[in-house]
There are 2 protein chains.
Amino acid sequence: MNKAHHCPLNYTMNLIGTKWKPLILFHLLEGGLRSGVLQKKILGISNKMFTQTVRQLEEDGLITRKIYPVVPPKVEYQLSTRGQSLEAILRALDQWGLEDCKS
Amino acid sequence: MNKAHHCPLNYTMNLIGTKWKPLILFHLLEGGLRSGVLQKKILGISNKMFTQTVRQLEEDGLITRKIYPVVPPKVEYQLSTRGQSLEAILRALDQWGLEDCKS
DNA sequence: GCAATAACTTACTAAAAAGTAGTATAGTTA
DNA sequence: TAACTATACTACTTTTTAGTAAGTTATTGC
């Protein structure tokens, strides 16, 4: 918590209110993924934004990063407990978009 | 819909995934508010960002704007039906922040 | 006729987020 | 020994978002 928040919503949005964060979290809902596989699922993301975003998510404790000491590198990301606790919200946001599109 | 979305979540975030939009919507959940009153509730927002954001929300059909032809001006904002449909999500985001803060 | 009012606009600047392209790593395989 | 691999980093530029400060409006009340 590095900023004052008069409203918890504000706090939440500072954590996940960016273009790519919710998308990455969403794609990890079904389980951990290897870095390259996850990145390919996020259509349109640049390589830079991908690593930058997963780094922030890791710093904020929303995902974990497991490094296998092999060559070429192997890295797996998965939701932390804290990240998992966003599941209902992520699915609700997705569902809302799905239904709203119809109109 | 001005952008391609491979995932409805993406669509939703393009609508409300900014610093101020969710906050403004959230403060309208309890009912319509006069412009000045609403703005004072959003601590830290600049006058420019306030009008700019409510304009976008209106364009996107998430809030309505009622103008009373008096002097000095009187304007009231309230959630549209589409905006109301975000209620569960807004409250969930707020609630999540509240509980996450504890840790 | 001049200040006060509430909502809004505009020109300008600053900061944050995102994109592009190139580079590093270090074993493995050809 | 040179290309290949998956992951990540860096410098640089562009785009988007946000902030500051000033101005506009049209009536009311002094």
Side-chain angles (χ1 to χ4, degrees), chain A residues 2-7 9-11 13-25 27-28 32-60 62-78, chain B residues 2-7 9-11 13-25 27-28 32-60 62-78:
Chain A
N2 47 353
K3 290 178 187 175
H5 303 286
H6 58 294
C7 166
L9 205 176
N10 215 338
Y11 168 83
M13 292 310 285
N14 275 340
L15 263 189
I16 60 165
T18 67
K19 183 173 179 180
W20 300 113
K21 280 180 184 177
L23 229 35
I24 289 180
L25 294 170
H27 283 284
L28 286 174
L33 286 177
R34 214 176 149 172
S35 181
V37 175
L38 176 56
Q39 183 169 347
K40 277 188 201 73
K41 280 181 184 280
I42 316 293
L43 300 183
I45 198 172
S46 68
N47 173 252
K48 182 194 128 181
M49 284 314 294
F50 178 75
T51 28
Q52 186 176 305
T53 307
V54 289
R55 279 297 134 76
Q56 285 170 13
L57 290 171
E58 195 198 359
E59 263 183 40
D60 292 336
L62 293 172
I63 65 176
T64 59
R65 183 161 172 259
K66 203 191 296 179
I67 307 160
Y68 297 83
V70 294
V71 167
K74 177 176 173 182
V75 174
E76 269 190 13
Y77 294 104
Q78 65 177 70
Chain B
N2 48 353
K3 288 177 189 176
H5 303 288
H6 59 293
C7 166
L9 205 176
N10 215 338
Y11 168 84
M13 293 310 286
N14 275 341
L15 263 188
I16 60 165
T18 67
K19 183 172 179 181
W20 300 113
K21 280 180 183 178
L23 228 36
I24 289 180
L25 293 171
H27 283 284
L28 286 174
L33 286 177
R34 212 174 152 174
S35 181
V37 175
L38 175 57
Q39 184 169 347
K40 277 189 201 73
K41 280 181 186 279
I42 316 293
L43 301 184
I45 198 172
S46 67
N47 173 252
K48 182 192 128 182
M49 284 313 294
F50 178 74
T51 29
Q52 186 176 304
T53 307
V54 289
R55 280 298 135 77
Q56 285 171 12
L57 290 172
E58 195 199 359
E59 263 184 39
D60 292 335
L62 292 173
I63 64 175
T64 59
R65 183 160 171 260
K66 203 190 295 178
I67 306 159
Y68 298 83
V70 295
V71 167
K74 177 176 174 183
V75 174
E76 270 189 13
Y77 294 103
Q78 65 178 69

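Below, read A as the first sequence line, B as the second, and so on, with proteins coming before strands; counting in each chain starts at 1.
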Check the distance between C:dA18's C1' and B:Asn10's CG and give it to me in whole angstrom.
14 Å
All heavy atoms of A:Val37 vs all of A:Leu33, minimum pair found to be CG1-CD2, 4.1 Å
If you assign B:Arg65 and A:Met49 each to the DNA chain C nucleotide with the nearest heavy atom, which residue ends up on the more 5' nucleotide?
B:Arg65
Is any side-chain N or O of A:Arg55 closer than 4.0 Å to OP1 or OP2 of D:dA8?
yes
For residues B:Pro22 and B:Ile16, report the shortest heavy-atom separation together with the two atoms involved.
CG-O, 3.2 Å
Could you check how far CD of A:Glu76 sits from P of D:dA6, rounded to whole Å?
15 Å
In whole angstrom, what separates B:Ile42's CD1 from D:dA18's C1'?
15 Å
Taking 4.0 Å as the cut-off, does a side-chain nitrogen or oxygen of A:Tyr77 come that near to OP1 or OP2 on D:dT7?
no
Side chain of B:Lys19, heavy atoms from C-beta onward: which of C:dA18, D:dA18, D:dT7 has the nearest atom to it?
D:dA18
Nearest to the B:Val75 side chain among D:dT27, C:dC8, D:dT7, which nucleotide is it?
C:dC8
Gap between atoms CZ and P, on B:Phe50 and C:dA7 respectively (whole Å)
8 Å
Checking D:dT5, D:dT7, D:dG19 against the side chain of A:Pro73 (C-beta onward), the nearest is D:dT7
Nearest-neighbour nucleotide for the B:Asn47 side chain, D:dT7, C:dC8, C:dG19 considered
C:dC8
Taking the minimum atom-to-atom distance to the side chain of B:Trp20, which one of C:dC8, D:dG19, C:dA18 wins?
D:dG19
Please say whether more than 12 non-hydrogen atoms of neighbouring residues, nucleotides or ligands are located less than 6.0 Å from NZ in A:Lys41.
no
Whole angstrom value for the distance that separates P of C:dA15 from NZ of B:Lys48:
14 Å
If you check every side-chain atom of B:Val71, which of C:dA26, D:dT27, D:dT20 has the closest atom?
D:dT27
Is a side-chain donor or acceptor of B:Lys21 paired with a backbone partner of B:Leu57 at a separation under 3.5 angstrom?
no
For D:dT27, does either OP1 or OP2 sit under 4.0 Å from a side-chain N or O belonging to B:Tyr68?
no
Tell me whether the side-chain N/O atoms of B:Lys74 come closer than 4.0 Å to OP1 or OP2 in D:dT27.
no
Could you go step by step and tell me if B:Lys19 and A:Met13 meet the side chain to side chain contact (heavy atoms under 4.5 Å, CB included) rule?
CA-CA 7 Å; B:Lys19 183 172 179 181; A:Met13 292 310 285; over 6 Å; no
For A:Ser35, which contact category applies under a 4.0 Å heavy-atom criterion: base, sugar-phosphate, or nothing?
sugar-phosphate
At under 4.0 Å, does any side-chain N or O of A:Thr51 touch on OP1 or OP2 of D:dA8?
no
When the distance from CD of B:Gln52 to P of C:dC8 is rounded to whole Å, what number comes out?
14 Å
Send over the distance from B:Ile45 CD1 to C:dC8 P, rounded to a whole Å.
13 Å
Which of B:Val54, B:Thr51, B:Asn47 passes side-chain contact (heavy atoms from CB on, under 4.5 Å) with B:Gln39? It is B:Asn47
Whole angstrom is fine here: how far is it from CD1 in B:Ile67 over to C1' in D:dA26?
15 Å
Using the closest heavy atom to pick a nucleotide of DNA chain D for each, name whichever of B:Thr18 or A:Lys40 lands nearer the 5' end.
A:Lys40
